[in-house]
Asker: 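This is the structure I have questions about; it appears just below.
Numbering of residues begins at 1 and proceeds along the displayed sequence.
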Amino acid sequence: MTRRTWIGWQFTAPFLGLFTMVFLAPIAYSAYLSVFRTRLVGGTTFVGLENYTKALSDPQFWEAVTRVALFLLIQVPIMLGLALLVALAIDSGRLYGAGFFRVAIFLPYAVPSVVATLMAGFLYGIRFGLVGSINEALGLNLPDPLAPGWVLATIGNIVTWEYVGYNMLILYSGLKVIDASLYEAAAIDGAGELRIIRAIKLPALRGPLVVATIFSIVGSFQLFNEPQVLDSLAPNSITTYFTPNIYAYQLSFAGQQINYSATIALLMGVATMVVAYLFQLRAMRGEAR
């Protein structure tokens, strides 16, 4: 190698070292753990792909995967739709106090998810929260948001409140780079605001929308903090396999099944990567048309 090539490697070495330690090494160690089984009697034995076969036939694992897939299909479009509406409203120039609304809507993202979930848990509590107070004051019988049939929707509400502002900022940044001359040309041609949105703004937001959607896909499959915190407020609603991450956590720290937990984590990592890649591939094909 030439001296110039070595200089390039020296500049990238800190990143490559950190990337190896915090990303590649944990994946490699999880893959190593996943092909073994540790028992109190018998010690650690090599089992090959037996843990993967067990996971793929595990009904609790599939129930957890189905739950986060449902969460992804319902919550993500609602969240991104709200973020898009807010970004368009702020960018329109017709919203009084746009700067205030931009900061106010982004502010929940600065609240840690644990704190946000605790706030929502006490707010929705049927015995001690707002819902319970409304039922008592008005003599109503509103459903318990923390009940087993409603808790997933409640978590979706919490996550939407947390991340609408984050996604709004991504989309708003995409709107601010649009050349103003396009708006002037459209106005000269007699295009109204809705026409400008359809013909100029939405096509320009394809890239930011893809990025926001990919982040949301990854976040949905990694759902952990909100249901884990709600477990203490709604213990009968959050099972030990409510999401794949909670399932892996419980297997590792409560069930002492570290090898099987590593298998679950690896399968979910691969699933997340595949779904995100397929979405990106489809979005790129749509943009090329």
Asker: Side-chain heavy atoms nearer than 4.5 Å, only ILVMFWY residues, links allowed to pass through others: does that put Val131 and Leu138 together?
Answerer: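 Yes, Val131 and Leu138 fall within the same hydrophobic cluster.
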Asker: Under a 4.5 Å side-chain heavy-atom rule over Ile, Leu, Val, Met, Phe, Trp and Tyr, are Trp161 and Leu223 clustered together?
Answerer: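 No, separate clusters.
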Asker: For Leu16, does the CG atom sit with more than 12 other heavy atoms under 6.0 Å from it, leaving out its own atoms?
Answerer: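 Yes, the 6.0 Å shell around CG holds more than 12 heavy atoms from other groups.
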Asker: Is there a path from Tyr124 to Met119 through hydrophobic residues (I, L, V, M, F, W, Y) whose side chains come within less than 4.5 Å of each other?
Answerer: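 Shared cluster, no.
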Asker: Provide the closest heavy-atom pair for Ala276 versus Ile214 in the form atom of the first, atom of the second, distance.
Answerer: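 Between these two residues, the closest heavy atoms are CB-CG2, 4.2 Å.
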Asker: About how many Å separate CD1 of Ile264 and CD1 of Ile246, when rounded to the nearest 0.5 Å?
Answerer: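 Rounded to the nearest 0.5 Å, the CD1-CD1 separation comes out at 13.5 Å.
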Asker: With rounding to the nearest 0.5 Å, note down the distance linking OG1 in Thr44 to CD1 in Ile258.
Answerer: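 Taking OG1 in Thr44 and CD1 in Ile258, the distance rounds to 9.0 Å.
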Asker: Taking all non-hydrogen atoms of both residues into account, name the closest pair between Ser92 and Glu193 and its distance.
Answerer: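 Of all heavy-atom pairs spanning Ser92 and Glu193, the closest is CB-OE2, 4.4 Å.
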Asker: How about Tyr32: does its OH atom have over 12 heavy atoms from other parts shown lying under 6.0 Å from it?
Answerer: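 No - once you tally the heavy atoms of other residues, nucleotides and ligands closer than 6.0 Å, there are 12 at most.
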Asker: Show which side-chain atoms of residues 58-65 pair as donor or acceptor with protein atoms under 3.5 Å away, not counting sequence neighbours.
Answerer:
unit_1	atom_1	unit_2	atom_2	d
Asp58	OD1	Gln60	N	3.0
Asp58	OD2	Tyr247	OH	2.6
Asp58	OD2	Tyr260	OH	2.7
Gln60	OE1	Tyr247	OH	3.3
Trp62	NE1	Leu56	O	2.6
Glu63	OE2	Arg67	NH2	2.9

Asker: Any side-chain heavy-atom pair from Thr239 and Phe242 closer than 4.5 angstrom?
Answerer: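 Yes, side chains in contact.
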Asker: Do Thr243 and Phe71 pass the side chain to side chain contact (heavy atoms under 4.5 Å, CB included) test, and can you show the C-alpha distance, the side-chain angles, and the key distance before you say yes or no?
Answerer: CA-CA 10 Å; Thr243 69; Phe71 182 87; over 6 Å; no
Asker: How many angstroms lie between atom CG of Leu182 and atom CD1 of Ile196, to the nearest 0.5 angstrom?
Answerer: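 Spacing of CG (Leu182) from CD1 (Ile196) equals 10.0 Å.
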Asker: Check the surroundings of atom CH2 in Trp150: do more than 12 heavy atoms from other residues, nucleotides or ligands lie under 6.0 Å from it?
Answerer: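 Counting neighbours around CH2 of Trp150, 12 or fewer heavy atoms of other residues, nucleotides or ligands fall under 6.0 Å, so no.
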Asker: For Leu80, is there any backbone N or O sitting under 3.5 Å from a side-chain donor or acceptor partner on Asn167?
Answerer: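 Checked: no pair found.
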Asker: With a 4.0 Å cut-off on N to O distance, would you call Lys201 and Asp91 a salt bridge?
Answerer: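 Yes, charged N to carboxylate O under 4.0 Å.
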Asker: Between Asp179 and Ser181, do the side chains contain an N or O donor and an N or O acceptor separated by less than 3.5 Å?
Answerer: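 A donor-acceptor contact under 3.5 Å links the two side chains.
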Asker: Quick check: closest heavy atoms across Met268 and Pro244, and the distance to 0.1 Å?
Answerer: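 Nearest heavy atoms, Met268 then Pro244: CG-CB, 3.3 Å.
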Asker: Quick one about Thr38 and Asn259 (side-chain donor to acceptor, distance below 3.5 Å, no hydrogens or angles considered), yes or no?
Answerer: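 Yes, because at least one side-chain N or O of Asn259 sits under 3.5 Å from a partner of the opposite role on Thr38.
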Asker: Has Phe19 got more than 12 heavy atoms of other residues, nucleotides or ligands less than 6.0 Å from its CZ?
Answerer: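 Result for CZ/Phe19: enclosed.
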Asker: Please tell me whether Val177 and Tyr183 are part of a single hydrophobic cluster in this structure, the criterion being side-chain heavy atoms less than 4.5 Å apart.
Answerer: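 Hydrophobic grouping puts Val177 apart from Tyr183.
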Asker: Counting only heavy atoms from other residues, nucleotides and ligands, does the tally under 6.0 Å from CZ of Phe279 exceed 12?
Answerer: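 Buried by this count: over 12 neighbours within 6.0 Å.
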Asker: Roughly how far, to the nearest 0.5 Å, is CE of Met168 from CZ of Phe106?
Answerer: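 Here the rounded value is 7.5 Å.
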Asker: Any pair with a residue in residues 196-238 that passes ring-ring contact (aromatic ring centres under 6.0 Å, His included), sequence neighbours left out, goes on the list, sorted by first then second residue, please.
Answerer: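 For residues 196-238: Phe224-Tyr249.
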Asker: Check for a donor-acceptor pair, side chain of Asn236 on one end and backbone N or O of Ala147 on the other, with a separation under 3.5 Å.
Answerer: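 No.
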Asker: Examine distances only and state if a side-chain atom of Ser261 and a backbone atom of Leu251 form a donor-acceptor pair shorter than 3.5 Å.
Answerer: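 No, because the side chain of Ser261 does not come within donor-acceptor range (under 3.5 Å) of the backbone of Leu251.
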Asker: Go through Leu171 and Val86 one step at a time and tell me if the side chain to side chain contact (heavy atoms under 4.5 Å, CB included) criterion holds.
Answerer: CA-CA 9 Å; Leu171 301 178; Val86 173; over 6 Å; no
Asker: Return the CD1 to CD distance between Ile217 and Gln222, rounded to the nearest 0.5 Å.
Answerer: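 It comes to 12.0 Å.
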Asker: For Ala87 and Leu175, which heavy atoms make the closest approach, and how far apart are they?
Answerer: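 Result for this residue pair: O-CD1, 3.6 Å.
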Asker: Please name the pair of heavy atoms, one in Ser220 and one in Leu72, separated by the smallest distance, quoted to 0.1 Å.
Answerer: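 Taking Ser220 first and Leu72 second, the nearest heavy atoms are OG-CD1, 3.8 Å.
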Asker: Please lay out, stage by stage, how Thr117 and Leu230 fare under the test side chain to side chain contact (heavy atoms under 4.5 Å, CB included).
Answerer: CA-CA 7 Å; Thr117 306; Leu230 281 180; 3.6 Å; yes
Asker: Could you tell me which non-hydrogen atom of Pro145 sits nearest to which non-hydrogen atom of Pro143, and how far apart they are?
Answerer: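 Scanning both residues, the minimum pair turns out to be CD-O, 3.2 Å.
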Asker: Say whether, by atom type as modelled, one donor and one acceptor occur between the side chain of Ser30 and the main chain of Leu266 under 3.5 angstrom.
Answerer: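 Pair absent, no side-chain N/O of Ser30 close to backbone of Leu266.
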Asker: Treat each ILVMFWY residue as a node, draw an edge where side-chain heavy atoms are under 4.5 Å apart, and state whether Ile170 and Leu205 are in one component.
Answerer: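 No.
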Asker: For the pair Leu82 and Ile78, evaluate side chain to side chain contact (heavy atoms under 4.5 Å, CB included) and give the outcome as yes or no after the intermediate values.
Answerer: CA-CA 6 Å; Leu82 290 174; Ile78 292 175; 4.2 Å; yes
Asker: Just verifying a value: how many Å separate Arg206 CZ and Leu209 CG, rounded to the nearest 0.5 Å?
Answerer: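 The CG atom of Leu209 is 9.0 Å from CZ of Arg206, to the nearest 0.5 Å.
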Asker: Side chains of Tyr163 and Ser216: any donor to acceptor distance under 3.5 Å?
Answerer: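 Note: Ser216 and Tyr163 side chains miss the donor-acceptor criterion.
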